[in-house]
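From a predicted model like this one, the values you see are computed outputs, not experimental measurements. In each ligand, atom 1 is the first atom listed, and ligand 1 is the first ligand listed.
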Amino acid sequence: MNIKENEQLQGCLEKVKEKNRRDAENGRIRYVYIQTFGCQQNEADGEKLRGMAEAMGYRYTSDAEQADLILLNTCAVREHAELKALSIIGNCKRLREKNPELIVGVCGCMTARQQRVDQLKKGYPYVTFTLEPASLHLLPLVLCRVMEEKRRRFLLGEDDGEAAEGVPVARTHKHRAYVSIMYGCNNFCTYCIVPYVRGRERSRESELVVAEVKELVEDGCRDITLLGQNVNSYKSDCDFAGLLEKLCALPGDFLLRFMTSHPKDVSDRLIEVMAKHPHRMAPHFHLPLQSGSDRILAAMNRRYTTEHYLGIVDRLRAAMPHVTLTSDIIVGFPGETEEDFAATLDMLRRVRFDMVYSFLYSPRSGTPAAEREEDFVPDDVKGERFSRLLALQDEIALEANRRYEGETLRVLTDSISRGDSHMYSGRTAAGKLVHFPATQDAIGQFVFVKIERADPYALHGAIVDA
Ligand code: 5AD
Ligand code: SF4
């Protein structure tokens, strides 16, 4: 569905816009506050929420106290993320007391489950509406309804199974952007909630993706990340490698990245296309391993073995000797023994990832692994394994980063580094985080940084002339 061509949605958008225009005329500007939790896909959704809110005449604020519309874009992938979101939703009670006209919308993965929606309905009376990820584009509709009917709405299951097009996007950065190429996931890894909350895989038409990337590049964007839960199973009139070929053919000075990949779907052709376009394709591959034990991988329904995984790593490195590799690891999946965990550490030693995002297994109700209570790994054992994994990975990452000491790297400057107004940070083509002194005008620009020092997580240096 293209929302620009949907009369009902456009009508709702216009109605809310008109109301906000009248309010502004009467001296009451309406503000929207948006908080996003979780993954890049959610960040991209947050940019759409903001785009739609701005199209309806809301002005963006980073201060929740000032808001008339609060949109909380939640994550459900681990319990910790859900608890954090619930606590922030709880804060809205006080804000509503202060501003009785405040509309609180809870969006994102948490709101795709009936159980959570019921909880929000009953336990959080100041939540005005919920909107699951597949129905994100219906924001104007739900807002219009809650305003007109003066009652709460909980939208669930209205998804028509298609990727919505034409949704306005308010981009956070001009120089760096996310472009969703597909939504949902069909893989059903046994620990993962994503297929239940984001639905089945839907790929966008390649023509629309190409047009969006082209427009971004023409607008000065230098670094574009193609997003999907499993980009390697992208399928429209072409496959993922085919889509990359089309994008690589676009003119301009920009880099293409993508995430996330599933090892079972990485094709030789994808590696070939990456290697063929070294100036266009970022030399970085994020390839979640999840566990180094074949027994656990099978229990996770990952459908590959460590041998298969190592084969991909070899082919990637043969095709692109400087490729950086990053991964996700889950520690303490139900039934994980010390031997299984040792196999994971062994894989880290063999592959030598540049960076690993490690997670403590978190049971998600409704997923098969969460049923295996008798096999749950005790928290103290999980914690201890987690620390060992971090210590080993820190050593490996430090060694990997030390390779860059003394080298001069091209870096796209992103923002001020936390806590120091003279320090800026950016990323290299390979995705390495770099900190260096600079000034505001460096943001969005490529600079050359001579690396003086490395730590396990970042490189530190100073700008030099090209
Ligand atoms: N518990 C812990 N980590 C999880 N992930 C997904 N589901 C869970 C879970 N239930 C991790 C996986 C995935 C990453 C985005 O989050 O490693 O790759
Ligand atoms: Fe979750 Fe597996 Fe799909 Fe990734 S591939 S979103 S881990 S089910």
### Those atoms of ligand 1 less than 4.0 Å from some heavy atom in R364
10 (N)
### Message
Is it true that H460 and D455 share a donor-acceptor pair across their side chains at a distance under 3.5 Å?
### Response
yes
#### Entry: Heavy-atom closest pair, residues V356 and I329
CG1-CG1, 3.5 Å
### Task
For K174 and G220, indicate whether the former's side chain and the latter's backbone hold a donor-acceptor pair under 3.5 Å.
no
#### Entry: Nearest heavy-atom neighbours spanning A319 and A275
O-CB, 3.8 Å
#### Entry: S180 and Q41: side chain donor to acceptor below 3.5 Å
yes
### Query
Is the shortest N/O to N/O distance between R78 and ligand 1 below 3.5 Å?
yes
#### Entry: L360 touching ligand 1 at heavy-atom level, < 4.0 angstrom
yes
### Task
Go through the side-chain N and O atoms of T260 and H286 and say whether any donor and acceptor fall under 3.5 Å apart.
no
### Shortest protein contact, atom 7 (S) of ligand 2 (heavy atom only)
Y191 OH, 3.3 Å
### Task
Measure centre to centre between the rings of F386 and F359, then say whether the value is under 6.0 Å.
no
### Query
Ignoring water, what protein N, O or S atoms are under 2.8 Å from atom 2 (Fe) of ligand 2?
C189 SG
## Note on the structure
Shortest non-hydrogen pair, N73 vs G46, comes out as ND2-N, 3.3 Å
### Query
Do S362 and ligand 1 have an N or O pair less than 3.5 Å apart?
yes
### Query
Where is the nearest protein heavy atom to atom 18 (O) of ligand 1: which residue, which atom, and how far?
D328 OD2, 2.6 Å
### Query
Quick one: does ligand 1 sit under 4.0 Å from the side chain of V77, the backbone, both or neither, non-hydrogen atoms only?
both
### Task
May I have the step-by-step check of side-chain contact (heavy atoms from CB on, under 4.5 Å) for L86 and Q119, ending in yes or no?
CA-CA 10 Å; L86 284 173; Q119 184 188 8; 4.0 Å; yes
### Query
In the protein, what heavy atom is nearest to atom 7 (N) of ligand 1, and what distance, to one decimal place, separates them?
Y191 CD1, 3.3 Å
### Atom indices of ligand 1 within 4.0 angstrom of Q290 heavy atoms, with elements
12 (C), 13 (C), 17 (O), 18 (O)
### Query
So Y304 and Y309, would you call those rings parallel, tilted or perpendicular, with 30° and 60° as cut-offs?
tilted
